[in-house]
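Report on the following structure.
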Amino acid sequence: MLGPPYNHTVETPATFFLVGIPGLQSSHLWLAVSLSAMYTTALVGNSIIMVVICMDSTLQEPMFCFLCILAAVDIVMASSVVPKMVSIFSSGHSSISFQACFTQMYFVHAATAVETGLLLAMAFDRYIAICKPLHYKSILTPRVMLGMSVAITIRAVIFMTPLSWMISHLPFCGSHVVPHSYCEHMAVAKLACADPMASCLYSLIGSSIVVGSDVVLIAASYILILRAVFGLSSKNAQWKALSTCGSHVGVMALYYLPGMASIYVAWLGQDSVPLHTQVMLADLYLVIPPTLNPIIYGLRTKQIRKRIWSLLICCVLEHTCECS
């Protein structure tokens with residue numbers, strides 16, 4: 001039972017008002033500074049990764065192409081929420097139009113669906129590179145990579161379009177104050193005058209299927225990778241493979257753990273977990289991965305690190321020559 005049918009003629013609100021992090025208003029200025037620093041790091045780091053990979057013809061392997069797409073998605077994901085968060089925390093400018101709210105919701109959740117698909121693709125890439133190195137180029141051809149990227153994007157669109165349609169067609173005739181720092185689906189759905197159970201169940205089940213299947217396949221890939229790594233005779237090769245995989249697993253943990261925690265806490269622990277904790281969990285998984293991904297994936301990758309250093313040296317030398 002999803003409740004009585006609702007009247008679509010109810011006028012939708014012109015604006016919503018985002019609270020920020022309920023209960024932590026006294027810390028909003030500190031949060032604004034922290035978010036600004038993290039957002040700047042994310043923009044600069046991911047932009048450098050994209051420029052370096054696109055400019056260097058030696059970095060056209062599948063892993064680097066996926067990393068370039070991941071950097072672009074990270075910029076979209078962070079840019080969808082952080083500027084508005086900083087505005088709320090620094091100046092109290094909390095209003096957001098009805099259309100902008102649902103546009104933000106669409107991009108945030110679609111970007112997270114694309115990101116989890118890319119993490120799976122990168123895990124598959126590492127599995128092929130370590131477990132089937134002789135067949136690496138024959139398996140991960142440009143056509144296969146394009147097909148994987150298109151499939152990941154289509155999956156995100158298929159998942160998000162019905163969800164956006166369902167919640168945007170709910171009547172909002174009561175409070176327009178969203179107890180969150182961005183237009184998170186559950187927080188907005190709870191303001192509807194009609195029963196939002198259909199969209200909430202769709203979100204929960206869809207997220208569980210998308211993320212759950214990706215996590216299972218990623219775990220299976222790394223189990224096979226670890227079996228292959230411990231079968232290597234060279235300790236140096238073992239350490240190199242484990243170091244690379246360890247970085248990737250760390251990034252995935254930072255992305256999946258807060259994300260899944262925020263989804264299930266909103267359903268199962270909303271009465272036992274403080275609201276500000278729920279909001280912070282939802283914020284963290286949108287801000288921390290875009291900030292750390294270029295550091296962990298980029299600076300720990302030898303080829304990218306060398307290329308960045310060479311570009312920096314060239315820039316310094318050119319600047320010195322111009323000054324002299």
Side-chain angles (χ1 to χ4, degrees), residues 21 30-53 59 63-86 89 107-123 125-126 152 181-182 184 211 214-215 218-219 221-222 225 240-263 277 279-309 311-312:
I21 300 181
W30 178 85
L31 288 168
V33 173
S34 302
L35 281 173
S36 298
M38 294 171 72
Y39 183 54
T40 302
T41 303
L43 283 183
V44 173
N46 286 296
S47 298
I48 289 174
I49 294 293
M50 293 172 63
V51 169
V52 166
I53 292 174
L59 299 178
M63 181 64 181
F64 297 117
C65 293
F66 286 133
L67 182 56
C68 185
I69 299 172
L70 181 67
V73 173
D74 278 342
I75 290 176
V76 171
M77 188 162 67
S79 298
S80 298
V81 294
V82 176
K84 186 61 183 177
M85 286 183 188
V86 172
F89 295 151
F107 276 101
V108 166
H109 293 292
T112 57
V114 171
E115 178 135 345
T116 182
L118 285 172
L119 293 176
L120 173 59
M122 294 169 77
D125 171 272
R126 290 301 86 197
I152 290 168
S181 48
Y182 66 92
E184 194 269 337
V211 176
D214 287 351
V215 168
I218 288 170
S221 297
Y222 278 103
I225 288 171
K240 183 178 179 181
L242 287 173
S243 177
T244 301
C245 293
S247 300
H248 295 187
V249 171
V251 169
M252 292 174 190
L254 287 171
Y255 176 74
Y256 285 119
L257 293 179
M260 295 308 294
S262 71
I263 292 172
T277 302
V279 174
M280 288 188 71
L281 279 173
D283 292 348
L284 286 176
Y285 91 97
L286 294 179
V287 179
I288 291 181
T291 304
L292 296 183
N293 280 351
I295 298 172
I296 296 176
Y297 277 121
L299 297 183
R300 285 184 60 87
T301 304
K302 184 178 179 181
Q303 298 98 313
I304 294 179
R305 188 169 63 246
K306 287 176 65 177
R307 183 60 178 160
I308 291 174
W309 277 117
L311 285 175
L312 288 174

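Excluded from the calculations below are hydrogen atoms, water molecules and symmetry mates; all remaining heavy atoms, backbone and side chain alike, are included.
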Write down the atom of [X], the atom of [Y], and the distance for their closest heavy-atom approach.
X      : Y      : value
Ile152 : Val114 : CG2-O, 3.5 Å
Asp214 : Gly117 : OD2-N, 3.7 Å
Ser221 : Ala123 : CB-O, 4.0 Å
Val211 : Thr116 : CA-OG1, 4.5 Å

Got a second to check how far [X]'s [atom1] is from [Y]'s [atom2], nearest 0.5 Å?
X      : Y      : atom1 : atom2 : answer
Leu31  : Ser36  : CG    : OG    : 10.5 Å
Asp283 : Leu35  : CG    : CG    : 7.5 Å
Leu120 : Phe66  : CG    : CZ    : 9.5 Å
Leu118 : Asp125 : CG    : CG    : 11.5 Å

>> Checking Val76 against Phe107 for the side-chain contact (heavy atoms from CB on, under 4.5 Å) test, could you report, in this order, the C-alpha distance in whole Å, the side-chain angles of both residues, the deciding distance, and whether it holds?
In response: CA-CA 8 Å; Val76 171; Phe107 276 101; 4.3 Å; yes

> Under the side chain to side chain donor-acceptor pair (under 3.5 Å) test, which residues partner Tyr285, sequence neighbours left out?
Replying inline: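 Result, side chain to side chain donor-acceptor pair (under 3.5 Å) vs Tyr285: none returned.
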
Is there side-chain contact between [X] and [Y], with at least one heavy-atom pair below 4.5 Å?
X      : Y      : value
Leu67  : Met122 : yes
Glu115 : Pro289 : yes
Tyr39  : Val287 : no
Ile49  : Cys68  : no

>> Between Val33 and Trp30, is the side-chain contact (heavy atoms from CB on, under 4.5 Å) condition met? List the steps.
In response: CA-CA 5 Å; Val33 173; Trp30 178 85; 5.9 Å; no

Is it true that a side-chain atom of [X] and a backbone atom of [Y] form a donor plus acceptor pair closer than 3.5 Å?
X      : Y      : answer
Thr112 : His109 : yes
Thr291 : Ala42  : no
Asn46  : Pro290 : yes

> Given the rule in the side-chain contact (heavy atoms from CB on, under 4.5 Å) test, do Tyr182 and Met85 qualify, once you have shown the distances and angles that lead to the verdict?
Replying inline: CA-CA 7 Å; Tyr182 66 92; Met85 286 183 188; 3.6 Å; yes

> CE of Met280: more than 12 outside heavy atoms within 6.0 angstrom?
Replying inline: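 No, CE of Met280 has 12 or fewer neighbouring heavy atoms, counting only those of other groups under 6.0 Å.
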
>> For a side-chain contact (heavy atoms from CB on, under 4.5 Å) check, start with the C-alpha distance between Ser79 and Leu43, then their side-chain angles and the critical distance, and finish with the verdict.
In response: CA-CA 9 Å; Ser79 298; Leu43 283 183; 4.1 Å; yes

> For residues 64-75, which residue pairs qualify under side-chain hydrogen bond (donor to acceptor under 3.5 Å, both in side chains), counting only residues two or more places apart or in two chains?
Replying inline: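 Non-adjacent pairs meeting side-chain hydrogen bond (donor to acceptor under 3.5 Å, both in side chains): Asp74-Asn293.
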
